[in-house]
Amino acid sequence: MEFEAVIGLEVHAQVSTKSKLFCACSTKFGAGPNENTCPGCSCVPGTLPVLNRKVVEYSIRTALATSCTVQRKSVFDRKNYFYPDLPKAYQISQYELPIARNGHIDIEVGGQGKRIGVNRIHIEEDAGKLVHEGDLSGAQASLVDLNRSGMPLMEIVSEPDMRTPEEAVAYLRNLRDILLYLDVCDGNMEEGSFRCDANVSIRPKGQEKLGTKAELKNMNSFRNVERAVEYEIRRQIELVEDGGKVVQETRLWDAEAGVTMSMRRKEEAHDYRYFPDPDLLPLMVEDSWVEELRGTIPELPGPKIERLAGQYGIPKYDAGILASSRKLADFFEASVAIFNGAPKTTANECVHWKEAILSEKLSPETIAHAVEDRENGTISATASKKLVTAVLETGKPFRSLRDEKGLTQVSDTSALDAIVDQVLAASPKEVESYRGGKTGLLSFFVGQVMKESRGKANPKIVQEVIRKKLG
Amino acid sequence: MAITREEVRHIARLARIALSDSEVDSFGDQIGKLLDYTKQLDRLDTNAVAPTIHLADTGTLLRDDIVCPFEDTEAILKSATDRAGDFFRVPRILE
């Protein structure tokens, strides 16, 4: 029997605000244990939550960028469970009425486009962190750090629209790029500000009804999401083929062993007894606020790739690399605005110097001048690379360095004549073969001339001169 | 009884309350009576009525995103039953 996998993803994105969701504590990473806490986020009885406007604003912007409908009224609920990472024994989340619903994210896998539904986006608080004292087997106590308690999260839940691990990763990458473009989340997977859980099930191909799903956790990179989902699909298919049954459960991905392991059965954990939090009135969002925020949505990665490719005539692949970062794409366009003679070369240079560009060590002028000088034959490709490196080292302008170092190419044919004559005289055998029809030897001669000129000759002109002399 | 013994045990477990068999019966009785009493509300047809989530229908207040550190975290730590340095210390928890 042939099976197909059904994959849905839940992403917890930490919203990049300065203060927490319901209190004024700092969200800064790396503080000492319990340093960023107050009676509110350490759940002292009697404290009241007050919602952070910025979190709402960022969630609305995320909703608009993923084509969701922003709900004019949404409600905060209590999700009840006992665990020391959350002393008040409930997490404030949104259940029946989340802030946004019904959106989508477009992905492309193997040249094939696909639209993945976004079921909902809701706002919730994070829980604290537990550290186990001593080694696991001998540990008598757990240590609680509530710095993370009350951190603002957006949970973005996809529809179960993905069928392969590649589609799942493509969706995640696109979602992360959107959040980075919007500047609402730093997207750091290893530090946990962009976390992903995957719901995976299988069903016989052609069957409408969904199979029993397992929820995968603990995947802190795109690569691990891909591997974990791949493993889980294989595990479920083998289980069913051997006459077994998939049970609903949470499974932890063990990256080192490359397997998922059962953590707990889901039924018990499901009884969260959600109810509206009496401490928080409903969140009302005016249309005018949504419209105002709509105006702040930048051009998003998908449309940007299309536009860059169309407007500058560069391959979509290159446009994709440029658009992987808003900063890089802006740099490219600024550079092309200075010299627009060879956008494809400018794109290549931007990709080549990506790191320096992203850390703001290069200006668009440098790349524009490098490309322009190369295109009109003033310098060679090698000299161009050397000069950009020199700009990085000295901070001096590209063209002053070019003149200072005398790296301009010799394009003057009379100056090249002598070198070409010398090279031809030194290789009589090759000259004879060339004249006998082995025209491939042209590059050999060009190489020799380049060597003699110590890289300063313009290879295009050299070719012409040699052809003329041997023709 | 409007509630089964199993349901009573389940609710007790969720609330982390240990009940003896006789307590299961007596609490089950009481909860059952409460449920029967509130059942009277079912006589009303509320199909066309939106649930009342809060009595006030104004929106929640919003605060600006400004950090204002709490000065006395020591007071919070001090009020815990057990601590280890600046951590709270709780009986070992393992999944």
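In this text, all values refer to a predicted model and were calculated from it rather than measured experimentally. Chain A is the first sequence line, chain B the second, and so forth, proteins listed ahead of strands; every chain is numbered from 1.
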From the list A:Cys23, A:Pro87, A:Gly128, A:Gly32, the residue making the most non-hydrogen contacts under 4.5 Å with chain B is A:Cys23
Check B:Asp65 with A:Arg53, please: is the shortest side-chain N to carboxylate O separation under 4.0 Å? no
Quick check on B:Gln30: does its CD atom have over 12 non-hydrogen neighbours (other residues, nucleotides or ligands) under 6.0 Å away? yes
Sub-4.5 Å heavy-atom contacts with chain A: which residues of residues 77-88 of chain B show up? B:Leu77, B:Ala84, B:Asp86, B:Phe87, B:Phe88
Nearest heavy-atom contact between B:Arg63 and A:Ala24 is NH2-CA, 3.8 Å
Atom group of A:Leu48 that falls short of 4.5 Å from chain B, counting heavy atoms: neither
More than 12 non-hydrogen atoms from neighbouring residues, nucleotides or ligands closer than 6.0 Å to NZ on A:Lys88, yes or no? yes
Measuring heavy-atom distances to chain B, does A:Ser42 have an atom under 4.5 Å in its side chain, in its backbone, in both, or in neither? side chain
Output the distance between atom CE (A:Met284) and atom CG (B:Leu62), rounded to the nearest 0.5 Å. 12.0 Å
Give, as side chain, backbone, both or neither, the part of A:Lys28 having an atom under 4.5 angstrom from any heavy atom of chain B. neither
Select all residues of residues 285-294 of chain A having any heavy atom within less than 4.5 Å of some heavy atom of chain B, and report them by number, or 'none'. A:Trp289
For a side chain to side chain contact (heavy atoms under 4.5 Å, CB included) with B:Ile76, tell me which candidate from A:Pro39, A:Cys41, A:Cys43 qualifies. A:Pro39
Look up atom NE2 in B:His54 and atom CG in A:Asp277, then write down how far apart they are to the nearest 0.5 Å. 7.0 Å
Taking side chain as C-beta onward, heavy atoms only, is A:Leu281 less than 4.5 Å from B:Leu61? no
Greater than 12 external heavy atoms within 6.0 Å of A:Lys79's NZ: yes
B:Ala75 versus chain A, heavy atoms under 4.5 Å apart: side chain, backbone, both or neither? neither
Heavy-atom proximity to chain B below 4.5 Å, by part of A:Val55: neither
Indicate the atoms forming the closest heavy-atom contact of A:Cys38 with B:Phe70, along with that distance. CB-CB, 3.5 Å
So which part of A:Phe22 gets closer than 4.5 Å to some heavy atom of chain B, the side chain, the backbone, both or neither? backbone
So CD1 of B:Ile53 and CG of A:Asp77: to nearest 0.5 Å the spacing works out to 7.5 Å
At a heavy-atom distance under 4.5 Å, which candidate from B:Asp72, B:Leu55, B:Val67 has the highest pair count against chain A? B:Val67
Is the shortest heavy-atom distance from the side chain of B:Thr73 to the side chain of A:Asn34 under 4.5 Å? no
Could you look at A:Glu57 and say if it's the side chain, the backbone, both or neither that has a heavy atom under 4.5 Å from chain B? neither
Would you say OH of A:Tyr81 has more than 12 non-hydrogen atoms from neighbouring residues, nucleotides or ligands within 6.0 angstrom? yes
Side chain from CB out, backbone as N, CA, C, O: work out which of these in A:Val75 comes under 4.5 Å of a heavy atom of chain B, or both, or neither. side chain
